[in-house]
Trainee: 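Here it is: the structure, laid out below.
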Amino acid sequence: MIVVGLVVFFGFGRFSVTSVEEYREHNVLLQESVERLTQSNKELFKQQDFVENSRKIDLQAQHDSRRSLAKLHKELSDIKQQLAFYQRVVAPETIQKGLYIDSFKVFKQSSEDSYQFQIIVVQSESQKRAIKGHYAISINGLLKGKDETISMQEKGKMRFSFRYYQLLENEIKLPSDFVPRRIEVIITPTIKSKKMIKKQWQWVDVIAEH
């Protein structure tokens with residue numbers, strides 16, 4: 001019985017040793033697989049970062065392109081307006097003769113209730129003499145629910161002097177509770193042969209963004 005027991009114990013020991021060796025081999029294989037998978041995972045993360053960065057770069061490039069295109073369109077529009085203006089100055093007989101207001105715009109300023117106006121006054125290229133005079137601006141609207149007209153003549157006469165055209169600029173400070181509706185410009189030349197110009201606009205039609 002002792003001999004039989006030793007034989008059985010020896011056989012079980014060999015089986016156990018064989019199993020441990022197999023486990024060790026499997027463990028090595030698993031470790032190698034883990035390392036390969038870890039490396040693959042790192043490569044995938046790198047690829048993902050590359051794709052994300054590429055997408056961000058593409059989006060930024062598209063944004064920059066749209067912004068540049070919008071800027072180009074605005075510059076082109078401004079150039080066309082300037083070209084049309086100079087064509088009117090050089091050959092005003094095709095548009096309008098004598099003294100006239102080419103454009104009038106009002107721009108909101110950073111300070112509250114403060115505005116800047118710009119008037120371009122033109123006379124025909126055929127006129128050889130410089131023209132002088134003064135101009136006045138008045139704004140009609142509602143002040144605390146009542147009709148009110150604010151005049152800039154209180155600052156004194158605003159003068160001009162030019163031969164072909166001139167940009168007239170000044171600031172308007174309105175009461176905080178004043179609601180403008182209409183604005184009127186009067187151009188008065190000092191030369192009697194030149195007619196006074198009186199023109200009126202709706203406020204919403206001349207207010208513009210800077």
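Below, all heavy atoms of this structure are taken into account, side chains as well, without hydrogens, waters or symmetry copies.
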Trainee: When rounded to the nearest 0.5 angstrom, what is the spacing between CG in Asp177 and CG in Asp113?
Mentor: 8.5 Å

Trainee: Starting from Ile191, can I reach Leu99 by hopping between I/L/V/M/F/W/Y residues whose side chains sit under 4.5 Å apart?
Mentor: no

Trainee: Drop me the distance from Gln200's CD to Glu184's CD, to the nearest 0.5 angstrom.
Mentor: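 One finds 5.0 Å between CD of Gln200 and CD of Glu184.
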
Trainee: Find the distance between CD (Gln109) and CD (Gln116) and round it off to the nearest 0.5 Å.
Mentor: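 One gets 5.0 Å once the value is rounded to the nearest 0.5 Å.
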
Trainee: Quick one: CG on Asn53 to CD on Gln60, what's the gap to the nearest 0.5 Å?
Mentor: 13.0 Å

Trainee: Measuring only between side-chain heavy atoms, which start at C-beta, is Trp203 closer than 4.5 Å to Val179?
Mentor: no

Trainee: How are the rings of Phe117 and Phe104 set to each other: parallel, tilted or perpendicular (split at 30° and 60°)?
Mentor: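 Plane angle between 30° and 60°, so tilted.
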
Trainee: What are the two closest non-hydrogen atoms of Met196 and Pro189, and how far apart are they?
Mentor: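 Closest heavy-atom pair between Met196 and Pro189: CA-CD, 4.0 Å.
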
Trainee: Run His134 and Met158 through side chain to side chain contact (heavy atoms under 4.5 Å, CB included) and show every step you take.
Mentor: CA-CA 5 Å; His134 61 272; Met158 298 176 288; 5.9 Å; no

Trainee: Let me see the working for Ile172 and Ile183 under side chain to side chain contact (heavy atoms under 4.5 Å, CB included), right down to the final yes or no.
Mentor: CA-CA 11 Å; Ile172 303 172; Ile183 187 165; 4.3 Å; yes

Trainee: Same hydrophobic cluster for Ile139 and Ile186, using side-chain heavy-atom links shorter than 4.5 Å among ILVMFWY?
Mentor: no

Trainee: May I ask you to check whether Phe162 and Phe160 place their ring centres under 6.0 Å from each other?
Mentor: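 They qualify: ring centres under 6.0 Å apart.
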
Trainee: Short question: side chain of Thr190, backbone of Lys132 - any donor-acceptor pair under 3.5 Å?
Mentor: yes

Trainee: With side chain to side chain contact (heavy atoms under 4.5 Å, CB included) as the test, would you mind laying out the steps for Ile197 and Tyr135 before giving the verdict?
Mentor: CA-CA 9 Å; Ile197 300 174; Tyr135 63 99; over 6 Å; no

Trainee: For the residue pair Ile137 and Asn170, establish whether any side-chain heavy-atom pair is separated by less than 4.5 Å.
Mentor: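 Not touching, per the 4.5 Å side-chain cut-off.
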
Trainee: Could you please spell out the steps behind the side chain to side chain contact (heavy atoms under 4.5 Å, CB included) verdict for Gln39 and Arg36?
Mentor: CA-CA 5 Å; Gln39 186 62 32; Arg36 285 197 301 270; 5.8 Å; no

Trainee: Just to verify, which of Ile119, Asp205, Val206 counts as forming a side-chain contact (heavy atoms from CB on, under 4.5 Å) with Val106?
Mentor: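 That would be Val206; it is the only one of Ile119, Asp205, Val206 passing the side-chain contact (heavy atoms from CB on, under 4.5 Å) with Val106.
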
Trainee: Working to the nearest 0.5 angstrom, can you tell me the gap between Lys108 NZ and Ile207 CD1?
Mentor: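 Those atoms lie 8.0 Å apart.
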
Trainee: Can you name the closest pair of heavy atoms from Gln202 and Arg181 and give their distance?
Mentor: OE1-O, 3.4 Å

Trainee: Identify the two heavy atoms, one from Asn140 and one from Phe178, that lie closest to each other, and give their separation to 0.1 Å.
Mentor: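 In terms of heavy atoms, the two residues are closest at C-CZ, 3.9 Å.
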
Trainee: Between Gln166 and Ser161 (side chain of the first, backbone of the second, donor and acceptor by atom type, cut-off under 3.5 Å), is there such a pair?
Mentor: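 The answer is yes, because a donor-acceptor pair under 3.5 Å joins these two groups.
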
Trainee: Flag the pair Tyr165 / Asp102 as yes when at least one side-chain heavy-atom distance between them is below 4.5 Å, and no otherwise.
Mentor: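 No, every pair of side-chain atoms sits at 4.5 Å or beyond.
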
